[in-house]
Amino acid sequence: MSLAFAEARDAAGRGEVPVGAAIAHQGSIIAAAGNRTLAARDPTAHAELLAIRAAAARLGSERLTECDLYATLEPCAMCAAAISFARIRRLYWAAPDPKGGAVEHGPRFFSQPTCHHAPELYGGIREQEAAALLREFFRLRR
């Protein structure tokens, strides 16, 4: 989770919403990213998707069945779908996202009968730290 937080802080430094993600495979981090939607001019360039793409490339497979994803914010519906399609084993996240989250909020993607794969879910890890990072980012932008 520490690397995901470092990626989130880097994203904030670039003016991006401070969300970071990291993927571990067999005890080693194989991919990490922060949001890059502005820099890439790509609405899909969320930290989770960028990390999934990098991990898939590194492992040479679209299936990340032995991988765990760490994110600083509860994933949105788009990222939850990608996590499901990649067959991520475990998902850990820090802060909840009542407005845009899709794990514990909104569509609750992984509990839908149409969901092909649901990872093990662990939320609230370093929640206060993630919430403070987001609050400070948006406070400075207002």
Side-chain angles (χ1 to χ4, degrees), residues 1-59 62-142:
M1 188 63 88
S2 293
L3 187 52
F5 272 97
E7 291 287 344
R9 286 188 289 278
D10 288 348
R14 295 188 304 272
E16 302 272 3
V17 174
V19 176
I23 296 180
H25 177 257
Q26 297 179 346
S28 297
I29 300 297
I30 61 167
N35 275 357
R36 290 192 176 276
T37 59
L38 300 174
R41 291 186 165 79
D42 178 358
T44 70
H46 288 198
E48 299 93 329
L49 286 180
L50 296 174
I52 287 170
R53 290 173 187 154
R58 177 145 181 206
L59 295 178
E62 75 283 5
R63 298 284 190 247
L64 305 177
T65 57
E66 296 179 9
C67 293
D68 301 331
L69 190 147
Y70 298 82
T72 59
L73 185 64
E74 176 185 352
C76 69
M78 175 180 67
C79 293
I83 289 164
S84 177
F85 293 149
R87 306 297 196 266
I88 296 286
R89 177 177 57 184
R90 295 183 194 104
L91 169 63
Y92 301 87
W93 72 93
D97 186 357
K99 185 175 179 182
V103 179
E104 290 184 325
H105 298 90
R108 298 176 190 259
F109 188 88
F110 299 117
S111 46
Q112 296 302 316
T114 54
C115 179
H116 295 288
H117 167 78
E120 293 176 32
L121 303 172
Y122 304 93
I125 300 163
R126 295 171 62 177
E127 178 180 339
Q128 297 304 316
E129 182 181 354
L133 182 63
L134 287 158
R135 273 193 308 273
E136 180 65 8
F137 175 79
F138 288 111
R139 184 188 70 75
L140 292 173
R141 293 187 59 92
R142 291 186 180 113

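Keep in mind that the numbers below use all heavy atoms, side chains included, and drop hydrogens, waters and symmetry copies.
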Legend entry - N/O donor-acceptor pair under 3.5 Å between E66 side chain and H25 backbone: no
Inset, instruction - Determine whether L49 and M78 make a side-chain contact, defined as any pair of heavy atoms from C-beta on separated by less than 4.5 Å. - result: yes
Legend entry - Nearest-0.5 Å distance, CD of residue E120 to CZ of residue F110: 12.5 Å
Legend entry - Shortest non-hydrogen contact from F109 toward A77: CD1-O, 4.4 Å
Legend entry - Side-chain (N35) to main-chain (A47) donor-acceptor, under 3.5 angstrom: yes
Inset, instruction - For side-chain contact (heavy atoms from CB on, under 4.5 Å), just list the numbers for D97 and C76, CA-CA rounded to whole Å, side-chain angles, deciding distance to a tenth of an Å, and then say yes or no. - result: CA-CA 8 Å; D97 186 357; C76 69; over 6 Å; no
Inset, instruction - Give the C-alpha distance, both sets of side-chain angles, the deciding distance and a yes or no for side-chain contact (heavy atoms from CB on, under 4.5 Å) between L134 and V17. - result: CA-CA 8 Å; L134 287 158; V17 174; 4.1 Å; yes
Legend entry - pair I83-P119: side-chain heavy atoms closer than 4.5 Å: yes
Legend entry - Residue pair D68 / L91, side-chain heavy-atom distance below 4.5 Å: no
Legend entry - Side chain E127, main chain A94, donor-acceptor under 3.5 Å: no
Legend entry - Nearest-0.5 Å distance, SG of residue C79 to NE2 of residue H46: 5.5 Å
Inset, instruction - Check the side chains of S2 and R126 for a donor-acceptor pair under 3.5 angstrom, ignoring hydrogens and angles. - result: yes
Inset, instruction - Would you give the length of the straight line joining atom OG of S111 to atom CG of L121, rounded to the nearest 0.5 angstrom? - result: 9.0 Å
Inset, instruction - First locate atom NE2 of H117, then atom CZ of R63, and finally report the distance between them rounded to the nearest 0.5 Å. - result: 9.5 Å
Inset, instruction - Return the minimal non-hydrogen interatomic distance between L73 and E48, and the atom names on each side. - result: O-OE2, 3.8 Å
Legend entry - Donor-acceptor pair, side chain of E16 and main chain of L38, under 3.5 angstrom: yes
Legend entry - Residues T44, R53; criterion side-chain contact (heavy atoms from CB on, under 4.5 Å); working and verdict: CA-CA 11 Å; T44 70; R53 290 173 187 154; 3.4 Å; yes
Inset, instruction - Would you check if R87 and L64 make a side-chain contact, meaning some heavy-atom pair closer than 4.5 Å? - result: no
Legend entry - E7 side chain to V19 backbone, donor-acceptor under 3.5 Å: no
Inset, instruction - Hey, can you tell me if H116 and F85 have their rings parallel, tilted or perpendicular (30° and 60° cut-offs)? - result: tilted
Legend entry - Residue pair A51 / A31: nearest heavy atoms and the distance that separates them: O-CB, 3.4 Å
Inset, instruction - State, to 0.1 Å, how close E62 and A56 come at their nearest heavy-atom pair, and which atoms those are. - result: CA-CB, 4.4 Å
Inset, instruction - Could you tell me whether the side chain of R90 reaches within less than 4.5 Å of the side chain of Y92, counting heavy atoms only? - result: yes
Inset, instruction - Working to the nearest 0.5 Å, report the span between CG of L59 and CD of Q26. - result: 8.5 Å
Legend entry - Test side-chain contact (heavy atoms from CB on, under 4.5 Å) applied to I23 and L3, I52, I29, the passing residue: I52
Inset, instruction - Answer yes or no: is there a side-chain heavy-atom contact under 4.5 Å between T72 and P18? - result: no
Legend entry - Distance (rounded to the nearest 0.5 Å) between C115 SG and R108 CZ: 14.0 Å
Legend entry - Min side-chain heavy-atom separation Y122-I125 under 4.5 Å: yes
Inset, instruction - Using a 4.5 Å cut-off on heavy atoms from C-beta on, say whether the side chain of C67 contacts that of R89. - result: no
Inset, instruction - Please report the closest heavy-atom contact between A4 and Y70, naming both atoms and the distance. - result: CB-O, 3.8 Å
